[in-house]
Amino acid sequence: MHKIAVIPGDGTGPEVVKEGLKVLKAASEKTGFKYETVMYDFGGERYKRTGEVLPDSSLEELKAFNAIFLGAVGHPDVKPGILEQGLLLKLRFGLEQYINLRPVKLYPGVWTPLKDKGPEDIDFVIVRENNEGLYVGEGEFKNKGAKDEVAIQISRNTRRGVERCVRYAFEYTRKRNKGKKLTLCGKTNVLTYAFGLWERVFNDVAKEYSDITTNYAHVDAVCMWMVKSPEWFDVIVTDNMFGDIITDLGAMIQGGMGVAAGGNLNPDGVSMFEPIGGSAPKYTGKNVINPLAAIAAVTMMLESLGEEKASAMIEKSIIKATTKMKSMSAGKMGYTTREVGDLVVKHL
Ligand code: IPM
Ligand code: MN
């Protein structure tokens, strides 16, 4: 019995989560796996009502689950940063979800802004470090408000944190068994301390993986190649900040925020799965948002729970849906949010 905590969150989060759960239920009926869900109302509305974002006791409670399914975080009436840090980052850090796994896969029938590129060219995975770097929130203002003000933001990279991420990336590249090629994405020419450590660790760990071809590219070059020759990539490993940026680029070349999913993984603990787009306030409640990213997050969740068969089955069905839909963009799909969920269920 898989115990799944569900956090629909803000904006369109609840709508897409509902479709994800609809598909999860249908897949369980088809393949026979058992699960139970517990709903949590964390997010902007609860914060506005109670002043509470994510109490420490709830974080502890979440450790008893096998997985977390998250909708979206971010509310137009709440100052930016409060929910992002108090909910999303608190979950990622508090549950030691040190990997953010973000596949960049163009499904058949999905429009990509890259001319002359198709599903055979756009199929790689980004392994983003998820607990360190610039996201630790360390820093200070000196002489705040004055003409000579200085703002300092620290990127903290520990050998332990970098090594476990790099090791995960090597193992993942081996298991994926596609190009057996792992690219380190950094900025060793400028961020000499942070990526000096990353590069040394990467090269050390590489010695244990003679079956994996390794290479290195600066983050700016990675952006260039993701657009020009995405087929070069198999797996990319990078730090938290660069990972945040290049995965939005990745999402766009795979058809947009409507289809991109990710997993915040603690390989020894509780992992959390989410559509990577935001809460899209302007589409909230209109039944027009694309739920496929949330449904794809369910496939990643099932894979991590050991339900590979159900996961593969849903992915096939997503592909059936994408070939029928007019667009992946909200309001232009040719179907409503609920109808897209039904379409995936129908093809299971
Ligand atoms: C993401 C988001 C978050 C991040 C924000 C909401 C804090 O952009 O999941 O990529 O920067 O990690
Ligand atoms: Mn992001």
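For ligands, and for the atoms within them, numbers begin at 1 and follow the listed sequence. Because the structure is predicted, anything quoted here is derived from the model rather than measured.
Heavy-atom minimum distance, Ile68 versus Gln97: CD1-NE2, 4.5 Å. Between Val345 and Ala26, the shortest heavy-atom distance links the atoms CG1-CB, 3.9 Å.
Residue-ligand proximity: Gln85 is placed with every non-hydrogen atom at 4.0 Å or more from ligand 1. Residue Met241 places no heavy atom under 4.0 Å from ligand 1.
One option in Leu83, Ile276, Asn130, Asp244 has a heavy atom closer to atom 2 (C) of ligand 1 than any other, and that option is Asp244.
Distance check for Asp244 against the Mn ion (ligand 2): an N/O/S atom falls below 2.8 Å.
For Phe195 and Tyr216, the distance between ring centers is not under 6.0 angstrom.
Ligand 1 has an N or O atom lying under 3.5 Å from an N or O atom of Arg128, backbone or side chain. Residue Tyr135 has at least one nitrogen or oxygen atom sitting less than 3.5 Å from a nitrogen or oxygen atom of ligand 1, judged on distance alone.
Among protein heavy atoms, atom 1 (C) of ligand 1 sits closest to Arg102 NH2, 3.4 Å. Scanning the protein for heavy atoms near atom 5 (C) of ligand 1, the closest one is Leu88 CD2, 4.1 Å. With respect to atom 7 (C) of ligand 1, the closest heavy atom belonging to the protein is Glu84 CB, 3.9 Å.
Salt bridge annotation for Arg156-Glu138: present, with a cationic side-chain nitrogen under 4.0 angstrom from a carboxylate oxygen.
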Open item on the list: Run the side chain to side chain donor-acceptor pair (under 3.5 Å) test on Gln254 and Tyr107 for me, step by step, so that the C-alpha distance in whole Å, both residues' side-chain angles and the decisive distance to 0.1 Å come before the verdict.
Closed with: CA-CA 7 Å; Gln254 76 179 109; Tyr107 287 129; over 6 Å; no
Under the side chain to side chain donor-acceptor pair (under 3.5 Å) rule, what do His2 and Glu307 come out as? Steps first, then yes or no, please. CA-CA 10 Å; His2 306 300; Glu307 303 294 348; 2.7 Å; yes
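Under the 6.0 Å distance and 45° angle rule, Arg176 does not count as a cation-pi partner of Phe170.
If you number the atoms of ligand 1 from 1 as listed, the ones under 4.0 Å from a heavy atom of Arg92 come out as 1 (C), 4 (C), 9 (O), 12 (O).
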